[in-house]
Amino acid sequence: MRGYRKLCVSVIIVFLFIIACANCALSRVPVRDGDRLYMVEINRAEDEIRQEGETDPAGYRTLVNVTKLEKDASEEEAEDFFRSGGDYAVRIIDGAYYRFDYETDAGKEYDSACLVMNISLAAALLATIALMVWMRQKILLPFHKISSLPEQIAKGNLTGEIKESKSRYFGRFIWGLNILKENLEQSRAREMSILKERNTLILSLSHDIKTPLSAIKLYAKALEKNLYGDNVNKKNEIVRKISENTDEINSYLADIIKANSEDFLNLKVQNDEFYLSYLIREIREYYREKLILLGTEFEVGEYHDCLLKGDSDRAVEVLQNIMENAIKYGDGENITVSVEEKEDLRLVTVTNTGTPVSPDETAHIFSSFYRGSNTKNKPGSGLGLYICRKLMNMMDGEIYVKRLENGMSVTAGFRVQK
């Protein structure tokens, strides 16, 4: 805010300097004398004096007064006669001096121009000051109050509520911060719940597995020391007990696998309708400059616009995940987005050049935390395509991959709104 005050003072000083320079420049502009109308009227008045001996200044536009200096006038009267008192001209008529005092519109025009210019510049200065005061009250002060909120949210300070703003400039921004805070709170709560369930599961299973493992260990020692001799029935019973305990341990392992395979992302979709052009435009605008910087050729094929079913934001997220995989695991030469019409579907395909995954890996590429053999030394979690499949299923769409000779293609099929 201190810097803004300095800016306001600087603007006012610049305006005052401009006003001073403008007045100085205007004073140096040659003033027109109304096409020298006063000279014409002085000549007319002179002719009238020569003919009639006198003249009436009231009949002229520029003449104010006509004064005659008598031949026998004193020295003081002569000084008063020639003393400057405005614009005038002196003529000798029949041996006598006549002084013609006149006024032109040039001075009035100059004064009017100065007045209009100064009023205009002053009005511009006041308007600028009013605009800067308005910007301070409506934009800078509200922004100054909320400037620390993103930092607090990033540090994990999610307590308290962000007050809604009635400003049309920051109302949506505050609303977005509230949504972000709520999502982070939900994610934290879900994370804590998962950690609690996982710890509880581990403690429970460790306790439950301990019993059958101990029994198997005892049975194994009994067989090792041949405690039952040649008693076949007893040995068969021990083998059966070991098998039962093994099955019990397998059931616990199945519970662990089931718990890890359950949906842990808690994805939400609001199915509505959106235009195909919106989806393509978002992807084109987001990745055009990025791929130019990476030196990757980016092409978007032609398509016919139509309404699609689904969540527009989630649809963009799906294509963004596919594009990120194409950038990350492709060779960086070419990425193409094409659209194909197929019955009630619009197939949006992202194709990239590079080394494809092996045929055996294609069936697992949409599994959670699965990463193919072509992802070595490249960051990633193996969740991108898994999330894409979940979202497309929730939007009643389809998604599949295809191996190419020199790359891969991932196709997302969106339902057409009829």
Side-chain angles (χ1 to χ4, degrees), residues 2-140 169:
R2 186 176 301 174
Y4 186 72
R5 294 192 190 98
K6 292 182 179 179
L7 176 62
C8 293
V9 173
S10 300
V11 169
I12 294 173
I13 293 175
V14 169
F15 258 100
L16 293 176
F17 178 74
I18 291 174
I19 292 174
C21 291
N23 280 276
C24 181
L26 188 61
S27 65
R28 295 177 178 272
V29 175
V31 180
R32 295 186 307 168
D33 53 12
D35 295 331
R36 304 180 69 85
L37 176 62
Y38 69 95
M39 294 294 295
V40 176
E41 293 189 342
I42 289 174
N43 291 333
R44 282 176 50 199
E46 181 181 357
D47 292 340
E48 189 175 350
I49 292 173
R50 291 183 186 277
Q51 295 175 5
E52 301 179 4
E54 61 180 357
T55 185
D56 184 10
Y60 297 90
R61 177 180 171 183
T62 61
L63 290 182
V64 177
N65 190 27
V66 177
T67 307
K68 179 181 179 182
L69 179 65
E70 299 293 341
K71 294 180 180 180
D72 57 351
S74 64
E75 186 175 346
E76 293 181 357
E77 291 177 343
E79 290 180 0
D80 292 338
F81 182 83
F82 290 103
R83 183 175 294 132
S84 176
D87 296 327
Y88 68 93
V90 177
R91 299 290 176 87
I92 301 175
I93 304 174
D94 297 332
Y97 288 93
Y98 285 83
R99 170 173 169 159
F100 297 89
D101 293 283
Y102 63 89
E103 288 183 354
T104 64
D105 294 334
K108 297 179 180 178
E109 292 176 358
Y110 174 78
D111 294 338
S112 299
C114 286
L115 180 62
V116 171
M117 181 193 67
N118 288 324
I119 290 176
S120 300
L121 291 175
L125 175 59
L126 292 176
T128 303
I129 293 174
L131 177 62
M132 300 186 78
V133 171
W134 178 84
M135 289 178 60
R136 180 178 184 275
Q137 295 297 123
K138 298 295 183 180
I139 298 179
L140 293 181
Y169 301 101

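All values below come from the heavy atoms of this structure, side chains included, with hydrogens, waters and symmetry mates left out.
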Could you tell me which non-hydrogen atom of Thr55 sits nearest to which non-hydrogen atom of Glu48, and how far apart they are?
OG1-OE1, 3.1 Å
Taking only residues two or more places apart in sequence or in another chain, which ones pass side-chain contact (heavy atoms from CB on, under 4.5 Å) with Leu126?
none
How long is the gap from OH on Tyr98 to CD1 on Ile92, to the nearest 0.5 Å?
12.0 Å
side-chain hydrogen bond (donor to acceptor under 3.5 Å, both in side chains) against Asn43, all qualifying residues, sequence neighbours excluded
Arg91
Minimum heavy-atom separation for Ala89 and Ile42, please, with both atom names.
CB-CD1, 3.8 Å
Mind checking side-chain hydrogen bond (donor to acceptor under 3.5 Å, both in side chains) for Tyr97 and listing every partner two or more places apart, or none if nothing turns up?
none
Applying ring pair (Phe, Tyr, Trp, His ring centres under 6.0 Å), can you list everything that pairs with Phe100, at least two apart in sequence or on another chain?
none
To check you understand the geometry: which heavy-atom pair defines the closest contact between Leu63 and Ala45, and what is its length?
CD1-CB, 3.7 Å
Give, for atom OH of Tyr60 and atom CZ of Arg44, the distance between the pair rounded to the nearest 0.5 Å.
5.0 Å
Would you check if the side chain of Glu46 reaches a backbone N or O of Ile93 as a donor-acceptor pair within less than 3.5 Å?
no
Sorted by chain and number, sequence neighbours left out, side-chain contact (heavy atoms from CB on, under 4.5 Å) with Asn65 holds for Thr67, Asp101
Across all chains, not counting sequence neighbours, the side-chain contact (heavy atoms from CB on, under 4.5 Å) partners of Ala122 are none
